[in-house]
Amino acid sequence: MEQCKICSLYDLNETIAAALFEGVTYPWEVLSQISSFILSLGEQLDSSCYVRHAEDIWVAKSADIAPSACLNGPLIVDEHAQIRHGAFIRGSAVVGKGAVVGNSTELKNVVLFNEVQVPHYNYVGDSVLGFRSHMGAGSITSNVKSDKTLVVIKDGKQHKIETGRKKVGAMLGDYVEVGCNSVLNPGTVIGRNTNIYPLSMVRGVIPANSIFKHQQDIVTKSSDN
C-alpha cells in the first residue's frame, strides 16, 4: 500500500528523529525502536542547546515546560516546544520543534514531528504524527484492539498488512487535522492534508487530501474546500 509508506506520509526534514525512519518502509515499524533511538541520540545532542534533566531526558533550553508537567524518559523535547500544565509524558517520546503538548494530554511511545499540536485532553500512544498535524480537543489514538489480537493495517477489504504488534495507534501524515472528540482506532493511517470531522470513529487507511465525514463518506478535497 503505497499511501502507507513513510515517503508518502512524512517530510523527514521536519523531525530530529529522521534517522529512526531510515531503512524501513512503514512508520509502525519504528515503534519498537523509539526508546533505544532516543537513548542513542540524546548522548549526541549539543549541550549548549539541550539540558539533560535526568538520566534519559533531554530538553532544549528554548522549550517551555510547565512546572506541573510530568516528564518520564526516554524523552527528547526539541527547541521551542511547549509542554503545558498537567501534561503527562510516560516516556519513549520525541517532541518536535515548536510542538505543543497541552493540558491533560498523555504521550507514550510516540514521535511528534515539528509543530505538531496535541493541545487539549489528548491520548497519543504508539503513534507517529507528521509535520503540523493537529488533534482537536478530546481526540485520541486507540492503540489496542478490544480482543487484544495483533493489529492489522487494512485498506478497505482489498489489502492488509500484518504489523505483528499488539499495540499500534495512528499514523498521521503531515498537515492532518483531526476534529474534536474523534477516536482513531488501532492501526489507523491518515494521509497528508486530510481533515477528520469532529466526533468521528476512524479506522483503516484514509487517503491523502481527503475530508472524512464518516467511514462511508470520504470525499476528495477540491479547490473550494
Side-chain angles (χ1 to χ4, degrees), residues 6 10 12-24 27-135 137-144 165-172:
I6 291 166
Y10 305 115
L12 295 182
N13 293 312
E14 295 293 348
T15 177
I16 196 173
L20 174 64
F21 297 87
E22 293 178 358
V24 297
W28 55 86
E29 295 180 86
V30 309
L31 295 177
S32 63
Q33 304 300 319
I34 293 174
S35 181
S36 59
F37 175 81
I38 292 170
L39 294 173
S40 175
L41 178 60
E43 298 290 349
Q44 305 172 43
L45 293 175
D46 185 350
S47 60
S48 67
C49 297
Y50 298 86
V51 175
R52 191 168 188 166
H53 280 251
E55 183 178 355
D56 55 1
I57 297 175
W58 293 267
V59 177
K61 293 181 179 179
S62 60
D64 183 8
I65 312 295
S68 58
C70 179
L71 308 183
N72 295 289
L75 169 64
I76 292 174
V77 180
D78 210 348
E79 297 176 301
H80 304 291
Q82 296 180 44
I83 312 296
R84 294 177 177 170
H85 170 73
F88 177 32
I89 299 182
R90 287 168 53 188
S92 192
V94 177
V95 178
K97 289 181 173 65
V100 175
V101 180
N103 60 305
S104 303
T105 290
E106 179 179 348
L107 303 182
K108 171 256 182 185
N109 201 44
V110 297
V111 176
L112 307 185
F113 277 54
N114 298 343
E115 300 185 37
V116 165
Q117 293 194 9
V118 284
H120 311 286
Y121 315 110
N122 306 111
Y123 172 71
V124 186
D126 299 286
S127 299
V128 179
L129 276 56
F131 177 60
R132 286 192 179 176
S133 58
H134 169 253
M135 295 186 67
S139 60
I140 66 169
T141 65
S142 176
N143 60 340
V144 180
R165 291 181 57 87
K166 188 172 78 170
K167 293 186 177 182
V168 179
M171 308 294 131
L172 273 58

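As a basis for the values below, the full set of heavy atoms in this structure was taken, side chains included, without hydrogen atoms, waters or symmetry mates.
Residue H85 qualifies as open at atom NE2: its count of foreign heavy atoms under 6.0 Å is 12 or below. By the neighbour-count criterion of 12 heavy atoms within 6.0 Å, atom NZ of K108 is densely surrounded, having more than that number from other residues, nucleotides or ligands.
Distance CG/L112 to CE/M135: 10.0 Å, rounded to 0.5 Å. Rounded to the nearest 0.5 Å, atoms OG (S35) and CG (L75) are 11.0 Å apart. Distance check: I6 CD1 to E29 CD gives 6.5 Å after rounding to the nearest 0.5 Å. Atom OG1 of T105 sits about 11.5 Å away from atom CD1 of I140, to the nearest 0.5 Å.
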Margin query: Between V24 and V30, does the side-chain contact (heavy atoms from CB on, under 4.5 Å) criterion hold? Intermediate values first, please.
Written below: CA-CA 8 Å; V24 297; V30 309; 3.8 Å; yes

Next item on the list: Assess whether side-chain contact (heavy atoms from CB on, under 4.5 Å) is satisfied between N13 and F131, documenting all intermediate values.
Entry: CA-CA 9 Å; N13 293 312; F131 177 60; over 6 Å; no

Next item on the list: Go through the steps for F88 and Y121 under the test ring pair (Phe, Tyr, Trp, His ring centres under 6.0 Å), then give the verdict.
Entry: CA-CA 10 Å; F88 177 32; Y121 315 110; over 10 Å; no

Checklist line | side-chain contact (heavy atoms from CB on, under 4.5 Å) evaluation trace for L129 with V124 | finding: CA-CA 9 Å; L129 276 56; V124 186; 3.8 Å; yes

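A salt bridge between K97 and E115 is absent, with no side-chain N of the basic residue lying under 4.0 Å from a carboxylate O of the acidic one. Salt-bridge check for D126 with R165: passed, with a basic side-chain N closer than 4.0 Å to an acidic carboxylate O.
Below 30°, between 30° and 60°, or above 60°: for Y10 and F21 the angle between ring planes is between 30° and 60°, a tilted geometry.
The side chain to side chain contact (heavy atoms under 4.5 Å, CB included) test with V77 is passed by exactly one of I16, V101, I65: I65.
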